[in-house]
Amino acid sequence: MTHPSAMKPRVRFAPSPTGHLHIGGARTALFNWLYARHTGGAFILRIEDTDTARNSQEAVKLILDGLRWLGLDWDEGPLTADATGPSQGDFGPYFQSQRHANYRNRVEALLSRGLAYEHAGAVKFKMQREPIAINDLVAGQVIRKLTDREAADPDFVIMRSDGQPVFHLVNVVDDLDMGVTHVIRGEDHLSNTARHVALFRAFGVPPPHYAHIPLILNADGSKMSKRDKGASLAAYMEQGFLAEAVANYLCLLGWSPKDNREKLSIEEITERFDVPQILRHNARFDYEKLLWLQGEYARELNDDRFYELAVHAFARAGLDTNSYPLPYVKAALDTCKGKFKTFGELPAYAGFYFRDVQDYNPEAAKKDFVPENKPRVQALRDAFGKLDKFDAASLETALKSTAAALGVKAGVLVHPCRLAVTGNVAGPSLYHSLEVLGKEKSLQRMGRALERF
RNA sequence: GACCCUAUGGUCUAGCGGUUAGGACACCACCCUUUCACGGUGGUAGCCCGGGUUCGAUUCCCGGUAGGGUCGCCA
């Protein structure tokens, strides 16, 4: 058999479909994908659905959707969430639930050679007691000794009493059968690797290269469990993050281009990425930094994608932009460009364009909707009412001259006006907002607000 | 309890025996400004501790401490 190093790299992402796609899992997939693309190798997606009690097709769908959203295309693997559905690649099926014969044969082989034995209806593998050396591409050479519990009974179950194969067995058998050359996975598997190496030896083949990547921790340094909000890739998809921002950020956790750059396209990263450069220590997930990168990418979005994502965000919030003229929608969105980060923020930021002002920011109303401001806003409304051209420049001129006539600073009029028209204290340029809303709506909203003073 | 990995400002990191320890996010101040952002300028803040090795350790070795992982008929 050809040694793994002589072949084009074949890597895989092998999640178990028992819940959402974990952010750490997404990064593992990303690193595998990067390595495959960097080396011209193959990226395989394999679904490890051997835990029949906890697997679900819905979870498979979440994995496929998440990977596709991130732009991680796989060369081999399932095309749908259906375990018996279509797939691509010559080493299928890619669902372990469909590969039972392989496992059965492998177990039989071990049994017949005396390398495994039956115990209480299950099959256990005869694990060696001597320490096993693992040459890890990230961690270096690791000598794994037995723990005290393992020393008491080093053997482990590879097939349950109900005939179902266990993770350690299927993982190794599939990596072997699929010709996987590099196993890039979370560090939580490093201790398990001794068992996997022992199994490869039992099957008479050299183990693949291993690269155990550090884990992603919560901001406080604690373990990021499935329960933690922010642990799911779907959470970022739903909040309106851009896939390129999330992917870029994930790459910065445990890997660095080393030239002080932070924002890199996936193409640049693919070119520079390599496994030996992966850091050895865990990294905390910094939401603020992700947000910053998101802002960087959001600002340079082209118009078409910006409109599409914005309209989608409004729709998700229950605001139907389709009932407004397209030029109005575009003009409204143009005033928001570069002013917000995630699209999830957009409806709250600029929803006033697509619905009446329901309520005013309470604190601001208390401060701005006061008796002494009433004649001022009234005067401003009158000035706006006399405008023939209701565009930003004219509105700005009108506001400033009104302020001058009243002997107050522009801000004195700007704040209550913005609050009256948008209900918010912050938002797009006031003059442009008014222009987009139009004379009728603007005056009407100011009039309505005047009743609250 | 045992075994394994790790350790540069609050966070992500550059550094690979001699540096004023660099960058980014966050934070603070100021500027810009109709708000919020953006942008600009400046600033606070770091090599976990203790031993070695060395002329010299953030950097190499050992120990400690701390964090993380693993020891399932979960994956």
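Residue numbering restarts at 1 for every chain, and letters A, B, ... go by the order of the sequence lines.
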Evaluate the side-chain proximity of A:Tyr210 to A:Leu190: yes if any heavy-atom separation is below 4.5 Å, no if none is.
no
Distance check, P atoms only: B:rC48 and B:rA21, in whole angstrom units.
15 Å
Can you check the distance between B:rC47 and B:rC16, where both ends of the measurement are the C1' atom (answer in whole Å)?
14 Å
Determine the interatomic distance between C1' on B:rG46 and the same-named atom on B:rC5; round to the nearest Å.
23 Å
If pairing means Watson-Crick or G-U wobble with both distances under 3.5 Å, then the partner of B:rC48 is B:rG64
Which residue pairs pass the side chain to side chain donor-acceptor pair (under 3.5 Å) test with at least one member in residues 137-151 of chain A, sequence neighbours excluded?
A:Asn135-A:Gln141, A:Arg144-A:Glu150, A:Thr147-A:Glu150
What is the base-pairing partner of B:rG1, counting Watson-Crick and G-U wobble geometry with both distances under 3.5 Å?
B:rC71
Round to the nearest Å and state the distance from A:Arg144 atom CZ to B:rC3 atom C1'.
5 Å
Checking side chain to side chain donor-acceptor pair (under 3.5 Å) between A:Tyr103 and each of A:Asp174, A:Asp177, A:Thr50, which is the one that passes?
A:Asp174
Just checking A:Leu190: base, sugar-phosphate only, or nothing, at a heavy-atom cut-off of under 4.0 Å?
sugar-phosphate
Indicate, with a heavy-atom threshold strictly under 4.0 Å, whether A:Gly254 touches base, sugar-phosphate, or nothing.
sugar-phosphate
Considering only atom P, compute the distance from B:rG43 to B:rU6 and round it to an integer number of Å.
37 Å
Salt bridge (Lys or Arg N to Asp or Glu O under 4.0 Å): which pairs involve residues 334-357 of chain A, sequence neighbours left out?
A:Asp303-A:Lys337, A:Asp334-A:Lys337, A:Asp356-A:Arg445
Does the B:rU34 base have a donor-acceptor partner in the side chain of A:Arg418 within less than 3.5 Å?
yes
Suppose you measure atom P in B:rC4 against the same atom in B:rA14; what distance do you get, rounded to whole Å?
26 Å
What residues in residues 271-289 of chain A put a non-hydrogen atom under 4.0 Å from any atom of RNA chain B?
A:Leu279, A:Arg280, A:His281, A:Asn282, A:Ala283, A:Arg284, A:Asp286, A:Glu288, A:Lys289
Distance-only check: which donor-acceptor pairs under 3.5 Å involve side-chain atoms of residues 116-125 of chain A, not counting sequence neighbours?
unit_1: A:Tyr117; atom_1: OH; unit_2: A:Asp155; atom_2: OD2; d: 2.7
unit_1: A:Lys124; atom_1: NZ; unit_2: A:Asp153; atom_2: OD2; d: 2.8

Considering residues at least two apart in sequence or located in another chain, which fulfil the ring pair (Phe, Tyr, Trp, His ring centres under 6.0 Å) criterion with A:Phe95?
none
Tell me which nucleotide, if any, is Watson-Crick or G-U wobble paired with B:rU35 when both distances must be under 3.5 Å.
none
Is there a side-chain polar atom (N or O) of A:Lys263 under 4.0 Å from OP1 or OP2 of B:rA24?
no
Within this structure, what is the CG-to-P distance between A:Leu380 and B:rU34, rounded to whole angstrom?
15 Å
Quick one, which residues of residues 392-416 of chain A touch RNA chain B with a heavy atom under 4.0 Å?
A:Lys400, A:Val414, A:His415
Taking only N and O in the side chain of A:Ser429, is any of them less than 4.0 Å away from OP1 or OP2 of B:rU35?
no
ring-ring contact (aromatic ring centres under 6.0 Å, His included) partner of A:Phe241, chosen from A:Tyr236, A:Trp292, A:Phe343
A:Tyr236
Would you kindly compare A:His168 and A:Val142 by the position of their nearest RNA chain B nucleotide and give the one closer to the 5′ end?
A:Val142
At under 4.0 Å between heavy atoms, what does A:Ala14 touch on the DNA or RNA strands: base, sugar-phosphate, or nothing?
nothing
Residue pair A:Val170/A:Asp148 against RNA chain B: nearer the 5' end by closest nucleotide is A:Asp148
Determine whether the aromatic ring centres of residues A:His189 and A:Phe167 are separated by less than 6.0 angstrom.
yes
Base partner of B:rA29, which must satisfy Watson-Crick or wobble distances under 3.5 Å
B:rU41
Say we look at B:rG9 and B:rG67: how far apart would their P atoms be, to the nearest angstrom?
16 Å
Any N/O donor-acceptor pair, A:Ser191 side-chain to B:rC3 base, under 3.5 Å
no
Under 4.0 Å between any heavy atoms, over every strand shown, what does A:Ile158 touch: base, sugar-phosphate, or nothing? Just pick one.
nothing
I need the CZ-C1' distance between A:Arg149 and B:rG69, as an integer number of Å.
14 Å
Take atom CD1 of A:Ile134 and atom P of B:rC5, then tell me their distance rounded to the nearest Å.
9 Å
Please report, rounded to the nearest Å, how far the C1' atom of B:rU34 is from the CD atom of A:Glu435.
15 Å
Please list, in numerical order, the residues of residues 241-250 of chain A that have a heavy atom closer than 4.0 Å to any atom of RNA chain B.
none
Which pairs with one or both residues in residues 401-411 of chain A pass side chain to side chain donor-acceptor pair (under 3.5 Å), sequence neighbours excluded?
none
Ring centres under 6.0 Å, that's the criterion: do A:Tyr94 and A:Phe91 meet it?
no
Would you give a per-nucleotide map of nucleotides 36-43 of chain B, 5' to 3', where B means the base has a protein non-hydrogen atom under 4.0 Å away, S means only the sugar-phosphate does, and - means neither?
BSSS----
Value in whole Å for how far the P atom of B:rC4 lies from CG of A:Asp188:
18 Å
Using the P atoms only, state how far B:rU8 lies from B:rU13, rounded to an integer number of Å.
9 Å
Could you tell me whether A:Arg452 sits above the aromatic face of A:Tyr360, with NZ or CZ closer than 6.0 angstrom to the six-membered ring centre and within 45 degrees of the axis?
no
Side chains of residues 15-26 of chain A: which donor-acceptor partners sit under 3.5 Å, not counting sequence neighbours?
unit_1: A:His22; atom_1: ND1; unit_2: A:Gly24; atom_2: N; d: 2.8
unit_1: A:His22; atom_1: NE2; unit_2: A:Met224; atom_2: O; d: 3.4

Compare all side-chain heavy atoms of A:Met127 with those of A:His168 and state whether any distance is below 4.5 angstrom.
no
Determine the Euclidean distance between corresponding P atoms of B:rU35 and B:rU20; express it in Å to zero decimal places.
44 Å
Which is it for A:His212 and A:Arg185 under the side chain to side chain donor-acceptor pair (under 3.5 Å) test, yes or no, and what are the steps along the way?
CA-CA 5 Å; A:His212 286 91; A:Arg185 57 178 15 169; 3.3 Å; yes
Searching all strands shown, indicate the nucleotide that pairs with B:rA24 (Watson-Crick or G-U wobble; both distances under 3.5 Å).
B:rU11
To the nearest Å, how far apart are A:Glu48 CD and B:rC74 C1'?
12 Å
Results of side chain to side chain contact (heavy atoms under 4.5 Å, CB included) for A:Ala234 - residues two or more places apart only:
A:Ser232, A:Glu238
Which pairs with one or both residues in residues 414-439 of chain A pass salt bridge (Lys or Arg N to Asp or Glu O under 4.0 Å), sequence neighbours excluded?
none
Euclidean distance, atom CD1 of residue A:Ile216 to atom P of B:rG69 [Å, nearest integer]
13 Å
A:Phe390 vs A:Phe384 aromatic rings, parallel, tilted or perpendicular, using cut-offs 30° and 60°?
perpendicular
Just to be sure I understand the rule, does A:Ser256 reach a base, reach only the sugar-phosphate, or reach nothing, if contact means heavy atoms closer than 4.0 Å?
sugar-phosphate
